[in-house]
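Counting convention: from 1, in listed order, for ligands and their atoms alike.
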Amino acid sequence: MRSKPESIKEQSAVTENIDLLRWVDDTARLTKPASIHWCDGTQGEYDSFIHQMLKDGTLVELNQKSHPNCYLHRSRANDVARTESLTFICTRDKETAGPNNNWMSPPAAKERVGKLFDGCMRGRTMYVIPYLMGPPGSPYSKVGVEVTDSLYVAASMHIMTRVGNVALQHLRTSHDFVPGLHSTGDLSPDRRFILHFPEEKLIWSFGSGYGGNALLGKKCFALRIASCLALREGWMAEHMLVIGLEDPSGQVTYMAGAFPSASGKTNLAMMVSAMQDEGYKVWTVGDDIAWLHIDADGQLRAINPEAGFFGVAPGTSFATNPIAMETIRRNTIYTNVAVTPAGEPWWEEIGSEPPEGLIDWKGSQWSKVEGKAAHPNSRFTAPAGQCPSISPRWEDPRGVPISAILWGSRRSTLVPLVMQAFDWQHGVFLGSGMGAETTAAATGTVGVVRRDPMAMLPFCGYNMADYFAHWLKIGQQLKRPPLIFRVNWFRKDQNGNFVWPGYGENIRVLRWILERIRGAGGARETAIAYLPTPNAINTEGLALAPGAMEDLTSVDRSGWLNGVKEMEKFYVQFGDRLPSEIWNEHRKLRSRLEA
Ligand code: SAT
Ligand code: MN
């Protein structure tokens, strides 16, 4: 559906939504594209996008025998991860955005970045992408419309969201959609801005072609803007995976887990249980984002707003995540991975040695001295529906009932393998104070501990003090609030080796969590939380170092007292706005540790 920018009549064949037509028209006047293409979301359209990108070099064809319909994209070397320093929340009042966000006033942001958008699509095609976040027919689903001049973005949106008619039908004539304007511009970091206007539900992204900066349905809409809508409307938009844990009787219990980017969320979401023979199996509902609503019975329910996975490639292998390896064998767009002479994707820890003649992520011959062949934040973009462990209920319009919430992050020391919060309020406190070692998913130093509450620090679209208050309030509205747990698979010993085997063996921890949900499972009360009793977690058949389990389930008092100080430094930024409940929990934790 190609048309001249002015022909609003022609576009109205696609939709009769006046607000949408007007916004697209205004956008075209600003960006001045040579032509406009309304995306219909069909396979034919996807294929033609791919064809075009193979022709102009945006994509490289991978081995079509081993990886049918798989392609490689190389982004600019300075555009390989989210850029938190260039990401802004634009609200009238700076306090609304909070100390956790970069802020610009809406008029200032529009003035500054509007100039960059002016005429930025000259000679280019403007793609209009109506998309649905959430299952078709769900009352919890929401519509976005992304306008972009990047075909890579348009094709990726086909995978990550539900594009075309399904979205327009959900929208009908309502003005209730989230417009998102994206242009790659000249890809200069000096002219790169990722702007969110929660008060008008608008996204502007300029100067980046990378994932979270450019696929506006994901972090920009489904987390930053959605978190603001959720605050207003009484639900929660969270950086969480959702899994179903099937027990030997066939009953499935659903859990949601918040982990920072590149901390194994996708691995956990697709875990092949090491206790499969005993009847414990994990089903995948989502691997990155959950929208949580309270239903009429006071039960928390989750939908996965996305339709695909945008996962970290390095470290993914048949040993660590066979389900992902199976999922990304076809219909997948890879970004910034290496490629073998046979045309197959390759990355560090894929499970094979780098072959002779490997081409690195920048497109050059790789040699060992040059470091990593794949970028540490290289990604795969694959349809969720083709994942072998996808839950039969992943598109249930009512969502799935959540019985437990997990906080997880990389902590090589201090934080036990698993602990259970005393109650909802204590659980919210544990999430609010979560420390995390930074990863390659964002530009900056890797491995330094920062506070990353609920794994939402880069994604909460408003003041986090209000976010904590919202969490506390939601708990009061739930008839049976999910139990809250902190997990940490990432403890290391003095030699830098992981203490716990992780991956499929994490099922042993999930099983304890399931027992706790059912009122069983051995636990002891400690200063920080309930910890598993020595034999509560089955370790049969694991080659753990002597004393490992004791280390993983004990409390390092002086370490935690330090942590308490770090939390305090983080909380004081929020001044009076921080809920008193958080300070109370903080005070209680310190006095228990000092007792
Ligand atoms: O780059 S994204 O923000 O889309 C992925 C992530 O960092 O979690
Ligand atoms: Mn993420």
Given a cut-off of 2.8 Å, the protein N, O or S atoms lying below it from the Mn ion (ligand 2) are Lys219 NZ, His239 NE2, Asp288 OD1
I need the atoms of ligand 1 closer than 4.0 Å to a non-hydrogen atom of Tyr210, numbered in the order shown. 1 (O)
Check ligand 1 against Lys218 and write out every atom of the ligand that is under 4.0 Å from a heavy-atom position of the residue. 4 (O)
Arg162/Glu306 ion pair, N-O < 4.0 Å: no
Check whether NZ of the Lys or CZ of the Arg Lys265 lies under 6.0 Å from the centre of the six-membered ring of Phe259 and within 45 degrees of that ring's axis. no
Listing, residues 401-409 side-chain donor-acceptor contacts under 3.5 Å, not counting sequence neighbours, or none:
{"unit_1": "Trp407", "atom_1": "NE1", "unit_2": "Gly427", "atom_2": "O", "d": "2.9"}
{"unit_1": "Ser409", "atom_1": "OG", "unit_2": "Gly435", "atom_2": "O", "d": "2.7"}
{"unit_1": "Ser409", "atom_1": "OG", "unit_2": "Arg486", "atom_2": "NH2", "d": "2.9"}

Should the pair Arg76-Asp79 be classified as a salt bridge under the 4.0 Å nitrogen-to-oxygen rule? no
Check each atom of ligand 1 against the heavy atoms of Lys219 and keep those under 4.0 Å away; list them by number with element. 2 (S), 3 (O), 4 (O), 5 (C), 6 (C), 8 (O)
How would you list, by chain and number, every residue that makes a side-chain hydrogen bond (donor to acceptor under 3.5 Å, both in side chains) with Arg124, sequence neighbours excluded? Asp149, Thr184
Who passes side-chain contact (heavy atoms from CB on, under 4.5 Å) against Thr58, sequence neighbours left out? Met53, Asp56, His73, Tyr152
Distance in Å, Tyr127 OH paired with Glu146 CD, rounded so as to fall on 0.5 Å steps: 13.0 Å
Find all atoms of ligand 1 within a distance of less than 4.0 Å from any non-hydrogen atom belonging to Arg379, and give their numbers and elements. 5 (C), 6 (C), 7 (O)
Which atoms from ligand 1 have a heavy atom of Phe310 less than 4.0 Å away? 1 (O), 4 (O)
Phe490 six-ring face occupied by Arg410 cation (under 6.0 Å, within 45°): yes
Could you list which atoms of ligand 1 come closer than 4.0 Å to a heavy atom of Gly212? 1 (O), 2 (S), 3 (O), 4 (O)
With atom 6 (C) of ligand 1 as the reference point, say which of Ala262, Ala441, Ser261, Gly311 has the nearest heavy atom. Ser261
Begin with the C-alpha distance, continue with both residues' side-chain angles, and end with the deciding distance and a verdict on side chain to side chain contact (heavy atoms under 4.5 Å, CB included) for Leu241 and Leu268. CA-CA 8 Å; Leu241 59 79; Leu268 180 57; 3.7 Å; yes
